[in-house]
Amino acid sequence: MNKVAAKQKIILFTCNWHAFSSLEAAGKNNLVYSPALVPIRISCLGRITSGIILKAFEGGAAGVCLIGCPEGECRYQNGNQEAREVFEESRTLLRLLGYNENLLQYHLVSAGDGESFQENIDQLVKNIQDNRKTR
Amino acid sequence: MNTFAEIVQSNQAWLCLDCGKCSSVCPITLHLVDGYTSPRLLVEGAVNSGEDRVLEDPLLWSCLTCQRCTEICPSGVQFSEFIHDARQLAWEKGQSGDCTHSGTIQSWMRMMTDPALEQNRLDWIDDDLRIAPESEVIYFPGCLPYYDTVFGDLDVEGTEIARAAVKILNHLGIEPMVLENERCCGHDSYWQGDMDTFRKLAELNLEAISQTGAKRLVTTCPECAYTLKSTYPEQVGSLGLEVLHITELLAEDDNLQKLFPTNSPELYPVTYQDPCRLGRFMGIYQQPRDLIQNLGYQLVEMDHYAHTSTCCGTSCWTTCGQLNKKVQSERLMEARSTGAEKLITSCVKCQIHYKCAQRDPISGSEIQIDIQDLTTLIAEKI
């Protein structure tokens, strides 16, 4: 696999439950997804903050993806709702800072569904790479 | 960078008389939860034991740099600057205080050091506000557009203050410039000891502002005002124009006359929180009071006011916890005990910190008082 330059990297924050299980399923089934992705597993997507997201951009990431459990299926009840608020707040901050807000993507996936993970993550990566032109 | 011996000497720490006056007024020492520390002990440790002793003291990061201690010190020990210099030393060794708000604010400050950044920060300017591409006056809103996003849930007046400022300036016949690409002034980077970020921000602002040819720069944030007026000339160079906090401009005789041509009707009692940078750092105590009285409010002072005013309890987005909440809650109770119906501030950060403290469910109604910025209060009356 080709090495990805630091400025091409897309940080993928995944929760420990549905989202990570779908990422593992994709791996087990040898489903190929973008080598630009750098997955970071966190206990729940509700753990994410705008500071962590901005830190990724500050460090030169090309984009950030947040993936969590489907609505109503958060292990910790409302982590994905909190993550949604953080996602909106971070997009506003990125817009203020002159970044293209689409460089931050958010998606909810079901456990164990590697194919859906591959399909969705490819789309998120495409969204980010299409929008990189503006920053 | 200065050595530790030079820091002790340049801030006159070695002149400390061990009198303890600083400790008696320090809001952090007063509310300590665990262990005991004080400005006096820290300075004594600096002189007798040296650098390691200072870098281990929790006061190094919890100090509010509010200048209460410096103000009362009979020996002229510059404790706030001592703390700044020691933080700079610590920062260069890889230490830092705990960033609040998950470091979001520190991140955007560092992101703003990118010279190629093109921000979208002027959405707050409504159609009924008049700004000019060139003007003798610059209005510098600072980070207000960003605070709207991060502190929207606290009902903080962020860009409302900026809109109010431009509305008032328009009323006075001034159409200010507002720079599309101003950066954070760097106040918080400076006081955190992150001089690299501070200098980069300051140089970008210096270049952008000095190119305009403006004669005056007005800001609604005391921290921006102090930094642009006093810290920039010391650290990166003078902006070549007059820097004013909005209360200074509005309290000028001509402007007072235009804002309040007739006597205002007598209104309810209010009290006023002196921001540290505006008061003790810049000596501006009377101007906000003149404006409040001209508005018709009956000003009732808290026990600690003007030179002795208490800080709003958190500084440079570093280290906020139980202790800071105690400082804030006690100050809010002091404001309530005056019988005032409103607490007026002229710094958005005081407002953020007090409105955050008011969410404490345990203190409940004991610390509830309406809080408003002086700028928006004036804008409502014109």
Side-chain angles (χ1 to χ4, degrees), chain A residues 6-11 13 15 38 40 42-64 66 68 76 78-104 106 128 131-135, chain B residues 96-125 141-154 156 158-159 162 178-184 188-189 192 194 196-197 200-201 204 208 316-320:
Chain A
K7 286 191 171 179
Q8 307 283 320
K9 285 182 181 172
I10 296 171
I11 309 297
F13 289 106
C15 81
V38 181
I40 298 177
I42 52 180
S43 54
C44 170
L45 206 59
R47 166 69 182 84
I48 201 79
T49 62
S50 53
I52 296 172
I53 293 170
L54 288 193
K55 187 82 185 168
F57 284 101
E58 187 198 330
V64 173
L66 311 177
Y76 307 100
N78 57 356
N80 46 12
Q81 289 163 22
E82 285 180 20
R84 177 91 210 173
E85 286 169 22
V86 170
F87 166 72
E88 300 289 353
E89 178 184 303
S90 305
R91 274 198 157 193
T92 310
L93 289 173
L94 287 173
R95 199 161 50 235
L96 280 164
L97 284 163
Y99 283 65
N100 187 316
E101 62 182 6
N102 292 314
L103 298 181
L104 175 62
Y106 170 88
I128 288 172
N131 283 293
R132 275 210 75 205
K133 293 186 287 290
T134 46
R135 190 166 182 90
Chain B
S96 72
D98 296 330
C99 295
T100 57
H101 308 284
S102 72
T104 305
I105 300 169
Q106 281 83 359
S107 269
W108 85 49
M109 287 174 202
R110 286 190 294 264
M111 288 164 88
M112 284 188 197
T113 60
D114 177 359
L117 202 69
E118 289 178 15
Q119 298 168 78
N120 299 309
R121 50 178 301 141
L122 301 184
D123 288 353
W124 55 271
I125 302 176
C143 292
L144 291 175
Y146 291 85
Y147 294 155
D148 260 3
T149 307
V150 178
F151 302 109
D153 60 334
L154 292 178
V156 164
T159 51
V178 184
L179 303 182
E180 270 187 274
N181 234 344
E182 68 169 59
R183 304 301 208 273
C184 161
D188 300 323
S189 309
Q192 243 185 331
D194 179 4
D196 184 42
T197 301
K200 285 178 181 164
L201 291 168
L204 288 166
C316 59
W317 309 114
T318 301
T319 316
C320 179

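To find a chain, count down the sequence lines: A is the first, B the second, and so on, and within it residues start at 1.
When all heavy atoms are compared, the tightest approach of Gly98(A) to Asn120(B) is CA-ND2, 3.8 Å. Nearest heavy-atom pair across Leu97(A) and Leu117(B) is O-CD1, 3.1 Å. Closest heavy-atom contact between Met111(B) and Leu54(A): SD-O, 3.9 Å.
Here the CG atom belonging to Asp153(B) is positioned 8.0 Å from the CD atom belonging to Glu89(A), to the nearest 0.5 angstrom. If you take CZ on Phe57(A) and CG on Asp114(B), they are separated by 14.0 Å, rounding to the nearest 0.5 Å. Note: Arg110(B) CZ to Lys55(A) NZ = 4.0 Å, rounded to the nearest 0.5 Å. Taken to the nearest 0.5 Å, the OG1 atom of Thr113(B) stands 7.5 Å off from the CD atom of Glu58(A).
A 6.0 Å sphere centred on CZ of Arg47(A) holds no more than 12 heavy atoms belonging to other residues, nucleotides or ligands.
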>> Between Gln119(B) and Leu96(A), does the side-chain contact (heavy atoms from CB on, under 4.5 Å) criterion hold? Intermediate values first, please.
In response: CA-CA 6 Å; Gln119(B) 298 168 78; Leu96(A) 280 164; over 6 Å; no

> Val150(B) and Leu93(A): side-chain contact (heavy atoms from CB on, under 4.5 Å), yes or no, with the steps?
Replying inline: CA-CA 8 Å; Val150(B) 178; Leu93(A) 289 173; 4.1 Å; yes

